[in-house]
Amino acid sequence: MSKYCHQFRVYYEDTDAGGVVYHANYLNFFERTRTEWLRAKGLHQSEMRKQANVILAIRSMQIDFVLPARLDDLLTVSAEVMSHSKVTMQMEQEMHKEGVLLAKAQVEIISLNAEKFKPMRFPTQYLEELLF
């Protein structure tokens, strides 16, 4: 399992009145990184839904805000699968600025049947792609 990294610039719209990234926007940076991680593996969520009737949903997330990200910062956000079961996957995500840790998230992703919104096994063809 390898770590995927993606970079983002902090824009004015991401910040509060003090020029600090608003806490809820950290979720956006983490989500975009997971989406780009999937794309880098050749997987697209819309295609996964059409082909295998599966969607990936966040079951839980814990974020540790270490230092603030600020307007104009260039952020490097990572995503790495730490473990998985037949239905869930645990990921660790980190946000850095110039090598300094700003935030860390523990994310649990669950595989759901797209029509019933009930847990289902990760389709084998996707699980193999996600883990390597």
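The first residue in the sequence is number 1, and the count goes up from there.
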Please check if atom CZ in F65 has more than 12 non-hydrogen atoms from other residues, nucleotides or ligands closer than 6.0 Å.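 Result for CZ/F65: enclosed.
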Around atom CZ of R32, are there more than 12 heavy atoms of other residues, nucleotides or ligands at under 6.0 Å?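 Yes, because the 6.0 Å sphere around CZ of R32 holds more than 12 heavy atoms from other groups.
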Would you please test T33 and M95 for side chain to side chain contact (heavy atoms under 4.5 Å, CB included) and show each step? CA-CA 10 Å; T33 300; M95 178 185 292; over 6 Å; no
Take V100 and L67 through the test side chain to side chain contact (heavy atoms under 4.5 Å, CB included) and record every step on the way to the result. CA-CA 9 Å; V100 176; L67 292 169; 3.7 Å; yes
Over all atoms of both residues, closest heavy-atom pair of [X] and [Y]:
X   : Y    : value
E80 : S2   : CG-O, 4.1 Å
P68 : L102 : O-CD2, 4.0 Å
A52 : M120 : O-CE, 4.0 Å

Hey, could you give me each pair passing side-chain hydrogen bond (donor to acceptor under 3.5 Å, both in side chains) that has a residue in residues 111-120? Not counting sequence neighbours.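 Non-adjacent pairs meeting side-chain hydrogen bond (donor to acceptor under 3.5 Å, both in side chains): N53-N113.
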For H96, check ring pair (Phe, Tyr, Trp, His ring centres under 6.0 Å) against everything at least two apart and list the hits.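 H96 satisfies ring pair (Phe, Tyr, Trp, His ring centres under 6.0 Å) with no other residue.
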Got a sec, which residues hit ring pair (Phe, Tyr, Trp, His ring centres under 6.0 Å) with Y126, two or more places apart in sequence or on another chain?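 Not a single residue meets the ring pair (Phe, Tyr, Trp, His ring centres under 6.0 Å) criterion with Y126.
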Partner of L74 under side chain to side chain contact (heavy atoms under 4.5 Å, CB included), chosen from Q7, E98, K97: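 When side chain to side chain contact (heavy atoms under 4.5 Å, CB included) is applied between L74 and each of Q7, E98, K97, only Q7 qualifies.
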Just verifying a value: how many Å separate [X] [atom1] and [Y] [atom2], rounded to the nearest 0.5 Å?
X   : Y    : atom1 : atom2 : result
Q90 : M82  : CD    : CE    : 10.0 Å
E92 : S78  : CD    : OG    : 7.0 Å
L71 : Y11  : CG    : OH    : 11.0 Å
R34 : I109 : CZ    : CD1   : 5.5 Å

Would you tabulate the side-chain donor-acceptor contacts of residues 19-29 under 3.5 Å, counting partners in other chains and residues two or more places apart, or write 'none'?
from : atom 1 : to  : atom 2 : distance (Å)
N25  : OD1    : N28 : ND2    : 3.1
N25  : ND2    : D14 : O      : 2.9
Y26  : OH     : A69 : N      : 3.1

Using a 3.5 Å distance criterion without hydrogens, assess whether the side chain of Q93 forms a donor-acceptor pair with backbone atoms of F30.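 Yes, because the side chain of Q93 sits within donor-acceptor range (under 3.5 Å) of the backbone of F30.
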Which pairs with one or both residues in residues 47-62 pass salt bridge (charged side-chain N to carboxylate O under 4.0 Å, His left out), sequence neighbours excluded?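 Checked against salt bridge (charged side-chain N to carboxylate O under 4.0 Å, His left out) - neighbours excluded - the pairs reaching residues 47-62 are E47-K50, R59-E108.
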ILVMFWY cluster, [X] and [Y] together (side-chain gap under 4.5 Å):
X    : Y   : answer
L43  : I55 : no
L101 : V77 : yes
F117 : M48 : no

E36 vs Y4, side chain to side chain contact (heavy atoms under 4.5 Å, CB included): CA-CA, chis, key distance, verdict: CA-CA 9 Å; E36 293 302 326; Y4 173 81; 3.4 Å; yes
Salt bridge or not for K104 and D64, using N-O below 4.0 Å?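 No salt bridge links K104 with D64.
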Counting C-beta onward and ignoring hydrogens, is there a side-chain heavy-atom pair between V10 and R70 closer than 4.5 Å?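 Not in contact.
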Do F122 and K86 make a side-chain contact, defined as non-hydrogen atoms from C-beta onward lying under 4.5 Å apart?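 Side-chain contact under 4.5 Å: no.
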Sequence neighbours excluded, which residues qualify as side-chain contact (heavy atoms from CB on, under 4.5 Å) partners of A57?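 side-chain contact (heavy atoms from CB on, under 4.5 Å) check on A57 returns I110, L112.
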What do the steps show when you test M91 against W37 for side chain to side chain contact (heavy atoms under 4.5 Å, CB included), and what is the final call? CA-CA 12 Å; M91 294 190 80; W37 164 71; 4.0 Å; yes
